[in-house]
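Computed from a predicted model, the values in this text were never measured in an experiment. The figures here come from the full heavy-atom set of this structure, side chains too, leaving out hydrogens, waters and symmetry mates.
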Amino acid sequence: MTSCPKFDVAIIGSGIAGSCLGSILARNGLKVVIFEAKSHPRFAIGESMILETSEIFRAMAQMYSVPELAYFSSENYFSHIGTSHGVKRHFSYLHHEENQAQNPAHLLQAVIPKQPYGHELHLYRQDTDYFLMTTAIRYGATVLQHTGVKDVEINSAGVQVIAESGDCYEAEYVVDAGGFRSLLANKFGLRHNHLQTHSRAIFTHMVNVPCYHHTGTSQADFDIPFRLSEGTLHHVFKGGWLWIIPFNNHPQATNSLCSVGLMLDPRIHPMRKDISPEEEFYSLIAKFPSISSQLQSAKAVRSWTRTDRIQYSSKKIVGDRFCLLGHAAGFVDPLFSKGLYSSLTSVSLLANLLLEANETKDYSAVKFQPLEDVTLAFLKNNDRLIANAYRTFSHYPLWSLYSVLWLLGAYCELLKLTTMRASKMSREDYYRQLQNLKLVGGSFSEFESLQSQIYDILESTNLENKGERDFAFRKIESCYSQIEWIPDAFKQVLKGKNHLPASKIRPSIFKRQGGFLGIGTFRQHFFGNLTLTSLVKLFWQEKAKYSVVALNLRKNSYFSANTSNHAKCW
């Protein structure tokens, strides 16, 4: 009888999470097998990058010596990854009322800084995932496409993975990165749906989607730094929102597609099972004239997908010799594009835990508890963040006020991630600090207190009652007014400004007290012993390192040194 092939780690699923993990582990000497029930390239959504996700990509590339993981962190990598991806220069939110033209005053454009790395990307996922899978193969991982997994047997001696073909594979540890249909979550009864967010989806890819300014208010009349087509556009309304994510929004673009989808609270917008997903999509946007005008000439290029409620989490993430990763662990709603950040933070932490376990041979659940703590904290915080956003969609002034909490949480999280890497700490210390993160706020207690106060106000108020709603608005304003460390740009949004500045570099950030470094507990938590001089030096070093010229020089140098491997590696 033929014995089963033996590996250190078996990974179920070759999406972004599974392929990134496989690349890291194989690059660092582990024997890895990745099972893929289908094949690449294939359609996937989850296309909108955020600054936190890009920083995690850069940190993993640096920590684990896998430079390819940074390729999707910036527009400056187009020559490495191709031009099928879009550019993301902002998050923009247009608020709508039923049967009314969009009010130009009801807009927020959260500008993403260009410096020092270049703007973010809209990932054309079929190309992204394919590239990362081949990266895992280049580093030595075994990838088995068209190989579904029928069962996994786990005991104290190891793991046996049984493919649908009947073939078996042995490993020390198994990672389920298989998404919603997670084999291990189903096998061990780990799923639950006890989340606050309540939404369903209708989505596709389309062509002929114009920039909003061609059918609605002009960029000049909005008075915003960037066209709405230059970033991720969200149309928000009572009980839902619609995303528009273009891949054709820059001069180098070679992809005419645009990702379009609706997220709907079924308690407000119940599913119309008597009509097709496409018919339901158009019947709903017909209620919002400005959205309907933008999409009136658009055409779907693939079948529409319609789901029931999409929220789920897990009672447990880890067990002896196994864990759930990414969307196998849970999913909330893509409103603030936190999904990839959540998944990749888990990948980054799990890779470190697996490399340690490979040395100690301890694959017990207790050794992987940090992964469970971080994953569940991220899911819990994302759920509450988004559920309360949905509550405010019905009333623009409250939504505008609430959006600053999202901005602050993202800013603090990015700041902590960046200064952790800037401190040049050991990998062990980096992951010790990473375990304290909770998706938003950078584990800063004063932010967590502010967030908790605002959540409690929204969750205890009948927002359909004008008197209660107005009182809640004043209470939330009071919460913000007591915070000394809110950056000036966010204070301007609280005062009614509709966008963050395109340039974040201005004289005020260099003030010795109250500038970029802040004061008191804020300064100590985020910057510790880092000085403004050291951060300015890091800024210019990073700008040089990630410039188009530097990236292309390194790429050309690699080709020159590896001519014989050119076909294999690129």
Side-chain angles (χ1 to χ4, degrees), residues 49-60 62-63 73 91 110 112-113 117 120 336-346 348-349 370 373-386 402-425 429-455 479-480 482-491 493 500 504 509 514-532 534-535 538-539 542:
M49 289 288 285
I50 58 175
L51 292 163
E52 302 95 288
T53 310
S54 293
E55 173 54 30
I56 280 288
F57 263 135
R58 286 188 290 269
M60 288 194 296
Q62 177 178 311
M63 293 283 178
S73 67
F91 265 105
I112 294 169
Y117 302 107
E120 304 290 299
F336 296 120
S337 300
K338 301 288 188 183
L340 278 177
Y341 171 51
S342 299
S343 294
L344 292 174
T345 301
S346 295
S348 188
L349 178 56
D373 294 342
V374 167
T375 302
L376 292 181
F378 272 42
L379 285 166
K380 179 181 178 180
N381 279 306
N382 200 23
D383 177 41
R384 206 172 180 194
L385 177 70
I386 292 170
Y402 183 79
S403 65
V404 176
L405 185 69
W406 156 61
L407 290 170
L408 273 177
Y411 172 75
C412 290
E413 190 83 355
L414 175 66
L415 203 56
K416 188 63 176 177
L417 286 169
T418 304
T419 55
M420 282 163 53
R421 188 165 62 91
S423 299
K424 301 186 186 304
M425 59 183 69
D429 288 337
Y430 178 89
Y431 284 106
R432 187 178 296 116
Q433 291 202 30
L434 189 76
Q435 292 171 33
N436 295 322
L437 296 182
K438 301 173 185 177
L439 184 88
V440 291
S443 66
F444 184 41
S445 62
E446 290 188 23
F447 172 83
E448 291 173 2
S449 176
L450 171 68
Q451 177 181 253
S452 181
Q453 291 176 61
I454 292 175
Y455 286 166
C479 291
Y480 285 129
Q482 298 172 45
I483 304 299
E484 296 181 350
W485 45 266
I486 295 180
D488 183 65
F490 298 165
K491 291 179 181 177
V493 173
L500 297 180
K504 305 298 188 290
I509 72 172
F516 177 61
L517 295 183
I519 58 174
T521 55
F522 180 89
R523 182 172 189 152
Q524 181 57 42
H525 178 81
F526 289 104
F527 297 100
N529 296 324
L530 290 171
T531 65
L532 188 57
S534 66
L535 289 171
L538 175 69
F539 174 91
E542 296 280 278

So, using salt bridge (charged side-chain N to carboxylate O under 4.0 Å, His left out) as the criterion, who are the partners of [X] when residues are at least two apart?
X	answer
Asp373	none
Glu52	Lys338
Arg58	Glu55

Margin query: Would you say the rings of Phe527 and Phe516 are close, in the sense that their centroids are separated by under 6.0 Å?
Written below: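 Yes: the rings meet the under 6.0 Å criterion.
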Of all residues at least two apart in sequence or in a different chain, which pass the side-chain hydrogen bond (donor to acceptor under 3.5 Å, both in side chains) check with [X]?
X	result
Ser534	Thr531
Thr375	Ser346
Glu542	Tyr117, Arg421

Notebook entry, point to check: Got a donor-acceptor contact below 3.5 angstrom from the Asn381 side chain to the Ala377 backbone?
Noted result: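 Yes; judged by distance alone, with no hydrogens or angles, the pair exists.
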Which pair of non-hydrogen atoms, one from [X] and one from [Y], has the smallest distance, and what is that distance?
X	Y	answer
Leu51	Glu120	CD2-OE2, 3.3 Å
Tyr341	Leu439	CE2-O, 3.6 Å
Phe526	Gly441	CZ-O, 3.9 Å

Going by the rule side chain to side chain contact (heavy atoms under 4.5 Å, CB included), which residues pair with [X] if we only count those two or more places apart in sequence or in a different chain?
X	answer
Val493	Leu108, Val404, Leu500
Gln433	Lys416, Met420, Met425
Ser449	Gln453

Notebook entry, point to check: For Phe336, what residues pass the ring-ring contact (aromatic ring centres under 6.0 Å, His included) criterion, not counting sequence neighbours?
Noted result: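 With neighbours one apart ignored, the set is Trp406.
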Checklist line | Residues that Tyr402 engages under ring-ring contact (aromatic ring centres under 6.0 Å, His included), provided they are two or more places apart | finding: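 Counting only residues at least two positions away or on another chain, Tyr402 forms no ring-ring contact (aromatic ring centres under 6.0 Å, His included).
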Note to self: Over 60° means perpendicular and under 30° means parallel, so tell me whether Phe522 and Trp485 are parallel, tilted or perpendicular.
What the structure shows: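 Correct class here is parallel.
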Notebook entry, point to check: Between Asp429 and Arg432, is the closest basic N to carboxylate O distance under 4.0 Å?
Noted result: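 Salt bridge between Arg432 and Asp429, a charged N being under 4.0 Å from a carboxylate O: yes.
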Checklist line | Summary of salt bridge (charged side-chain N to carboxylate O under 4.0 Å, His left out) pairs that have at least one residue in residues 444-455, sequence neighbours excluded | finding: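 Applying salt bridge (charged side-chain N to carboxylate O under 4.0 Å, His left out) to every pair that reaches into residues 444-455, excluding sequence neighbours, yields Lys438-Glu448.
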